Amino acid sequence: MSKMFERTEINGMVLSNRFVRSATWEGMATNDGAVTPKLIATMVDLARGGVGLIISSHAYVRPEGQASPWQLGIYKDELIPGLQEMTAAVHAYGGKIVMQLSHAGKFAPEKLTGQTPLVVSDYEEPGKMPCHEITDQDIRELVTAFADGARRAKAAGFDGVQIHSAHGYLLSQFLSPVFNRRQDEYGGDIHNRSRILIEVYQAVREAVGEDYPVLIKLNCKDFVENGLSLDDSLQVGRMLADVGLDAIELSGGLLTGGKMSPSRPGIKSEEEEAYFREEARYFKNAIDIPLILVGGIRSFQVAECLVEDGVADYISMSRPFIREPNLINRWKSGDRRRAECKSDNKCFRSGLTGNGIYCEMKNNEKDK
């Protein structure tokens, strides 16, 4: 049997294989972030399809941190019953599901939230974009919000939580010199820029306990001028491992990164897959906690080699499961053809219609 289908554990969370569904925005929640039957069905399809670990769509921990319409929320207790329905449905099919906790910061549109976006540093040109530079009080409230979100996730039956600190969202903005030009204890060198992330992790850990999986999604690099560097990112990973983090999902790039964004277009060959593999190798050689690698992986052979060569412990994908939620069962059955996803990112465009993300190409094929 392939190593990809071994049973493993992350802080007591037993996983049936090494494949992870990376968090994304599905556009299937209600206007106030509540679970819908369509979102539950999407999670169930992933569990039935054999995904070892499902990471939920990025869920905003405070109303002003919402990034997109119809995004999942975790900012109030009233959302817990719907989330309980979702986790119970996933567990009924033998799946495991982790809640991703997020705040969009600068990328939270005021026209959506009705509130001025929070920014790490108010460095924009006057009049360019109304914003509110985060104060010490804001930081304390944000730390509490992430901890409260984790508490709600555990109460809702999630098997763990993941803190979103990648792609230019709020915690990622603190790490990146592009956004963080603060002159206080949260700005300057990487030790200071990572301070809030350590504080968030420790507050989350206190909220959920030592025997509950806590993961982080982290940029290896921002891939922009003056962005987060690989060496600085590795320092953050080491600090988190030292204080008890259970696993890192390694990604990279910013939402505004174009061809170097987290969801890079046009992956047509195995050589173009796993575009963070060298950065992952760097991490794996230096940090002794489980590493989950995301980033354009489309072939079983590539995934298997990454694990067998010690580049990563788990392989994470997102877009391929939008087209093929049954992909892992297909591969396990012996059909090792490449994932059918064309990496055209049209699935996200489809989500903006209000019907949730879906593969346009797959739908077009059905219509023929």
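Note that the structure is a prediction, hence the values are computed from the model and not measured. Just the heavy atoms: all of them, side chains too, but no hydrogens, waters or symmetry mates, feed the values below.
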**Asked** At their closest point, which heavy atom of Ile297 faces which heavy atom of Ala303, and how far apart are they?
**Response** CG2-CB, 4.2 Å

**Request:** Kindly give the heavy-atom pair with the smallest separation between Arg48 and Tyr93, and that separation in Å.
**Result:** CG-CD2, 3.3 Å

**Asked** Any salt bridge between Arg338 and Glu273, counting N to O under 4.0 Å?
**Response** yes

**Asked** Which pairs count as ring-ring contact (aromatic ring centres under 6.0 Å, His included) when at least one residue sits in residues 319-340, sequence neighbours excluded?
**Response** Phe19-Trp331, Phe300-Trp331

**Prompt:** Taking all non-hydrogen atoms of both residues, which atom of His164 and which atom of Gln100 are closest, and how far apart?
**Reply:** CD2-OE1, 3.2 Å

**Complete:** Looking only at heavy atoms, the pair that brings Ala339 and Pro320 closest together is CB-CB, 4.0 Å

**Prompt:** Would you say the side-chain atoms of Arg152 pair up with the backbone N or O of Leu79, donor to acceptor, closer than 3.5 Å?
**Reply:** no

**Prompt:** Would you call the rings of His58 and Tyr169 parallel, tilted or perpendicular if under 30° counts as parallel and over 60° as perpendicular?
**Reply:** tilted

**Fill in**
Partner of Ser56 under side chain to side chain contact (heavy atoms under 4.5 Å, CB included), picked from Glu26, Gln162, Met99, is Met99

**Prompt:** Would you say Ser176's side chain and Ser172's backbone share a donor-acceptor pair under 3.5 angstrom?
**Reply:** no

**Item:** Asp246 with Arg205: basic N within carboxylate O range, under 4.0 Å
**Value:** yes

**Asked** Between Phe276 and Phe223, is a ring-ring contact (aromatic ring centres under 6.0 Å, His included) present by the stated rule, with each step listed?
**Response** CA-CA 11 Å; Phe276 306 126; Phe223 296 95; 5.8 Å; yes

**Prompt:** Considering residues, nucleotides and ligands other than Lys76, do more than 12 of their heavy atoms fall under 6.0 Å from its NZ?
**Reply:** yes

**Asked** Which atoms form the tightest heavy-atom contact between Val20 and Tyr314, and what is the distance?
**Response** CG2-CB, 4.0 Å

**Prompt:** After noting the C-alpha distance and the side-chain angles of Asp344 and Arg319, does the key distance pass the salt bridge (charged side-chain N to carboxylate O under 4.0 Å, His left out) rule?
**Reply:** CA-CA 9 Å; Asp344 57 16; Arg319 288 173 291 172; over 6 Å; no

**Message:** Treating Asn285 as the side-chain partner and Arg281 as the backbone partner, does any N or O pair qualify as donor plus acceptor under 3.5 Å?
**Reply:** yes

**Asked** Do the side chain of Gln84 and the main chain of Ala156 share a donor and acceptor less than 3.5 angstrom apart?
**Response** no

Would you be so kind as to tabulate the donor-acceptor pairs closer than 3.5 Å made by side chains of residues 107-115, with sequence neighbours excluded?
unit_1	atom_1	unit_2	atom_2	d
Thr113	OG1	Pro109	O	3.4
Thr113	OG1	Gln115	N	3.1
Thr113	OG1	Gln115	O	3.2

**Asked** Which atom names give the shortest non-hydrogen contact between Leu293 and Ala280, and what distance separates them?
**Response** CD1-CB, 3.8 Å

**Request:** Tell me whether the guanidinium CZ or amine NZ of Lys106 lies under 6.0 angstrom from the six-membered ring centre of Phe179 and within 45° of its axis.
**Result:** no

**Message:** Evaluate Glu6 against Arg18 for salt bridge (charged side-chain N to carboxylate O under 4.0 Å, His left out), listing each step before the verdict.
**Reply:** CA-CA 7 Å; Glu6 292 177 342; Arg18 295 178 183 270; 2.9 Å; yes

**Request:** Check for a donor-acceptor pair, side chain of Tyr75 on one end and backbone N or O of Gly33 on the other, with a separation under 3.5 Å.
**Result:** no

**Arg330 (side chain) donor-acceptor with Arg337 (main chain) under 3.5 angstrom** = yes

**Asked** Is the backbone of Gly244 close enough, under 3.5 Å, to the side chain of Tyr201 for a donor and an acceptor to pair up by distance?
**Response** yes

